[in-house]
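First the structure, in the form of structure tokens, and then the observations on it.
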Protein chains: 2
Amino acid sequence: MPTTKLKFKSAASEKRNRQDYFNIAVSVDCVILGYENKELKVLLIESDLEEFNGLHSLLGDLVDPHEDLDAASYRVLKDRTGLDDVYLEQVQSFGNIQRHPSGRVVTTAYYSLVDIRNHRLQLSHKAVSWHTVSEIQKLAFDHKEILDTCLKRLREQVMERPIIFNLLPPKFSLRELQEVYEAILGVGLDRRNFRKKIMLKDWMTDLKEMETDVPHRPGRLYKVGAR
Amino acid sequence: MPTTKLKFKSAASEKRNRQDYFNIAVSVDCVILGYENKELKVLLIESDLEEFNGLHSLLGDLVDPHEDLDAASYRVLKDRTGLDDVYLEQVQSFGNIQRHPSGRVVTTAYYSLVDIRNHRLQLSHKAVSWHTVSEIQKLAFDHKEILDTCLKRLREQVMERPIIFNLLPPKFSLRELQEVYEAILGVGLDRRNFRKKIMLKDWMTDLKEMETDVPHRPGRLYKVGAR
DNA sequence: AAGTAATATGTATCTGAAACACATTAAATA
DNA sequence: TATTTAATGTGTTTCAGATACATATTACTT
């Protein structure tokens, strides 16, 4: 705990005392995304606030004064999913006065991509469950806006950086990969053009293995990573 | 001031009481950018903390519990420059434990583009001044990292959205516009290709006027906005 | 053995980006 | 007044990436 006074010299800070400035709580909210049955899913919890009775909300928590902001989002993810080696990226902060009915809370949103079929994934609580992103109409707090903002950022980044593989199992076919892209981008893609484009990026390695248990001609399997 | 208890149910929040969670201060920091003499400039203030003696820092302030996060950044900008109709965009939040030597402060960074030659622009304080971005080596706090992050975002957006015009006076030539792009992107651009590309965007209107007071053939003047 | 459904691959076309050259204009200079 | 200078203003060619599109192949199913 700091004992030194914070020094800020604006008009606003001069007319208020130090205690006032610790009347804002800081939280993180995680948009934890998964992919299953050709649909993008997000992990939600039933809101426990009366104001939001029946609505779901993102997974979040207040930030401990002794932990880094990023660390708080990793903690939420670890607590809720059991996973600690996942992709997590800060998107934006939301700080309207009235966004939390119980008090002033400024939250920072992160999005994360996890493999739903990963056997280490264990949900922390019965009230936590996967929801199809495209079917979500309304969420508690400003969480629908946060979700939409994170999805927009994800769509912008998904062709720029090799992050999508976090949604897939270690071995995957090009068909599966394309279906994930289609679920995220919300458009159909030409298979031949998709393959050329994705192959040029050098994000995957051919495992020289074939799919099994598919009711049709099996495709090649790939793993993430060059070489 | 909320009287209801904040309800959060994680392991971390259960083992701490409410007061602990108001021990994080929230601030905003503004990367206020201008353009002059073919160089990108940023508005800095001399740090008043002993730890950062001699170093400059970005313009920021603590957020008032009764103001929106975005409103706080507008207030900082208004207080420091006198301008209230400027482009301002949130970039990212920075929340490492030790980023502020006097206590725990989570800050949200914004960048802003202003016309240095705007006559309404008035700096609030003698210690506030413009610095050439490319010459900045070190800043107080983590402000160098914040600056770099904002510049990166600016470079990503400058060809996507018509924001660069905020750096220019109401009437400008294509040469001036290109020079601003070159200053931001840090590269030289081909004049003919630049013109074609920028014209296709429909961001500007031909004023049917010519430059005056230039020691060479005068160029056409444009203003921002289609039609 | 035939049918089905998916994999695998190649080519022609279009669009935007990049490279590049010359005529024009106004001011400065001789 | 003619010449020089330095910038404006425009067009074409080339290249790369994106898009549109068709046929042969393979494994399973019937």
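Reminder, nothing fancy here: chain letters follow the sequence lines and each chain counts from 1.
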Spacing of CZ belonging to A:Phe194 relative to CE belonging to A:Met199, to within rounding of 0.5 Å: 9.0 Å
For atom CG of B:Leu200 and atom C1' of C:dT15, their distance in whole Å: 11 Å
Candidate list B:Val42, B:Val91, B:Ile146, test side-chain contact (heavy atoms from CB on, under 4.5 Å), partner B:Tyr111, passing option: B:Val91
Given C:dA6, D:dC21, C:dA18, the nucleotide with the shortest approach to the side chain of A:Arg175: C:dA6
Contact pattern, 5' to 3', of nucleotides 24-30 of chain C - B, S or - by protein heavy atom under 4.0 Å: BBS----
Euclidean distance, atom OH of residue B:Tyr181 to atom P of C:dA17 [Å, nearest integer]: 13 Å
Check: A:Asp68 side chain, A:Asp70 main-chain N or O, donor-acceptor pair, under 3.5 Å: no
Whichever of A:Arg192 and B:Asn193 has its nearest DNA chain C nucleotide further upstream toward 5': A:Arg192
Length of the line joining B:Leu189:CG and C:dA18:P, which is rounded to integer Å: 9 Å
Check: A:Phe172 ring centroid to A:Phe165 ring centroid under 6.0 Å: yes
Salt-bridge criterion met for A:Lys171 and A:Glu209 (N-O under 4.0 Å): yes
Minimum-distance nucleotide to A:Arg195 side chain [options: C:dT11, D:dT8, C:dA8]: C:dA8
Interatomic distance, A:Phe194 CZ vs D:dT19 P [rounded to whole Å]: 13 Å
D:dT12 base / B:Lys196 side chain donor-acceptor hit below 3.5 Å: yes
Whole angstrom value for the distance that separates P of C:dG16 from CD1 of B:Ile198: 15 Å
Atom-to-atom span, CG of A:Asp190 to P of C:dA12 - whole angstrom: 17 Å
Side-chain donor/acceptor contact of A:Arg191 with base of C:dA8 under 3.5 Å: yes
Main-chain N/O of A:Gly225 paired to A:Thr205 side chain as donor or acceptor, under 3.5 Å: yes
A:Lys197 NZ to D:dG17 C1', straight-line distance once rounded to whole Å: 9 Å
Under-3.5 Å donor-acceptor pair between A:Arg220 side chain and C:dA8 base: no
Ion pair check, A:Arg117 and A:Glu36, cut-off under 4.0 Å: no
Atom-to-atom span, CE of B:Met199 to P of C:dG16 - whole angstrom: 17 Å
